[in-house]
Amino acid sequence: IMLHSPLALSLLLIAVTSNLAMAIKKEKRAPQTLSRGWGDEITWVQTYEEGLYQAKKSNKPLMVIHHLEDCQYCQALKKAFAENEEIQEMAQNNFIMLNLMHETTDKNLSPDGQYVPRIMFVDPSLTVRADITGRYSNRLYTYEPQDMTFLIENMKKALRLIQTEL
């Protein structure tokens with residue numbers, strides 16, 4: 001088809017751009033922030049190294065959450081974590097926060113294995129606090145959705161230990 005008239009050309013252009021717009025709209029998802037659903041109000045660091053640096057600089061403990069997207073236990077924990085106002089507030093104000101979907105090279109972050117979910121604390125002195133554990137003896141650093149009050153206690157413990165030990 002020869003497109004001589006400007007009208008035909010502009011109609012063709014409109015058809016192409018509206019299809020393009022629909023294709024783009026379909027692709028548009030909620031922006032994937034570093035929070036990955038763990039709490040959008042929280043400032044998250046991108047890497048473990050950055051977390052260590054910020055912890056040392058700010059004298060706040062680093063909280064590391066290891067998780068995987070397709071792990072149902074991680075999803076359940078994430079929901080409980082994100083919905084708990086006290087955890088969200090403490091995470092935002094008192095901690096350097098990192099959530100990872102891959103293992104770090106720091107073996108201290110997997111003292112009893114590389115399972116998910118697991119949450120560990122690192123002191124501003126850059127010491128991994130292997131002594132701050134969850135409720136389960138077979139996976140010391142795992143938490144379940146019903147353990148949020150226990151996690152809050154451990155967050156408070158991580159904060160307390162800094163003040164007393166530095």
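When side chains are defined from C-beta on, Ile119 counts as touching Leu77, because their heavy atoms get closer than 4.5 Å. Leu161 places a side-chain heavy atom less than 4.5 Å from the side chain of Ile132. Counting heavy atoms from C-beta outward, Ser35 and Ile42 have side chains that stay 4.5 Å or more apart. Contact check for Asn84 versus Gln88: no side-chain heavy atoms found under the 4.5 Å cut-off.
When every heavy atom of Asp131 is checked against every heavy atom of Lys157, the shortest pair comes out as O-NZ, 4.1 Å. When every heavy atom of Cys71 is checked against every heavy atom of Cys74, the shortest pair comes out as SG-SG, 2.6 Å. Heavy-atom minimum distance, Phe121 versus Leu151: CZ-CD1, 4.3 Å. The two residues Ile87 and Met155 make their nearest non-hydrogen contact at O-CE, 3.8 Å. Summarising the geometry of Asp112 relative to Leu140, their closest heavy-atom pair is OD2-N, 2.8 Å, with the distance given to 0.1 Å. Annotation for Leu109 and Thr104: closest pair CD1-OG1, 3.5 Å, computed over non-hydrogen atoms.
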Please lay out, stage by stage, how Lys156 and Glu86 fare under the test salt bridge (charged side-chain N to carboxylate O under 4.0 Å, His left out).
CA-CA 11 Å; Lys156 288 178 178 167; Glu86 192 175 355; 3.2 Å; yes
Report the C-alpha distance between Arg118 and Glu103 in whole Å, list the side-chain angles of each, state the deciding distance to 0.1 Å, and finish with yes or no for salt bridge (charged side-chain N to carboxylate O under 4.0 Å, His left out).
CA-CA 11 Å; Arg118 72 179 190 281; Glu103 289 296 333; 2.7 Å; yes
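The number of heavy atoms from other shown groups lying within 6.0 Å of CD (Gln146) is above 12. Within a 6.0 Å radius of OH in Tyr115, other residues, nucleotides and ligands contribute more than 12 heavy atoms. Enclosure of atom CD in Glu50 by more than 12 non-hydrogen atoms of other residues, nucleotides or ligands within 6.0 angstrom is indicated.
Of the possible polar contacts, none joining the Asp147 side chain to the Phe150 backbone as a donor-acceptor pair under 3.5 Å is found. The main-chain N or O of Arg36 is found under 3.5 Å from a side-chain atom of Lys78 such that the two form a donor-acceptor pair. A side-chain donor-acceptor contact under 3.5 Å links Gln92 to the backbone of Thr43. In this structure, the side chain of Tyr48 does not engage the main chain of Leu98 through any donor-acceptor pair within 3.5 Å. Side chain of Asn108 to backbone of Val128: no donor-acceptor contact under 3.5 angstrom is found. Distance alone, capped at 3.5 Å, is enough to place a donor-acceptor pair between the Gln75 side chain and the Glu69 backbone.
Residues Tyr143 and Val122 fall into different hydrophobic clusters, defined by Ile, Leu, Val, Met, Phe, Trp and Tyr side chains chained together at heavy-atom separations under 4.5 Å. Taking hydrophobic clusters as Ile, Leu, Val, Met, Phe, Trp and Tyr residues chained together by side-chain heavy-atom distances below 4.5 Å, Met120 does not share a cluster with Ile162. Residues Leu34 and Phe95 share a single hydrophobic cluster, defined by chaining ILVMFWY side chains whose heavy atoms lie under 4.5 Å apart.
Note that the CE atom of Met148 and the CZ atom of Phe81 stand 8.0 Å from one another [nearest 0.5 Å]. Here the CE-CD1 distance, from Met90 to Ile152, works out to 5.5 Å after rounding to the nearest 0.5 Å.
Legend: residues meeting salt bridge (Lys or Arg N to Asp or Glu O under 4.0 Å) with Glu49, ordered by chain and number and at least two apart, are absent.
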Run the side-chain donor-acceptor check on residues 60-68: report pairs under 3.5 Å with partners two or more places apart or on a different chain.
residue: Lys60; atom: NZ; partner: Asn93; partner atom: O; Å: 3.0
residue: His67; atom: NE2; partner: Trp38; partner atom: NE1; Å: 3.3
residue: His67; atom: NE2; partner: Asn99; partner atom: OD1; Å: 2.9

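Contact check on Arg135 versus Glu153 returns no salt bridge, with no Lys/Arg side-chain nitrogen under 4.0 Å from an Asp/Glu carboxylate oxygen.
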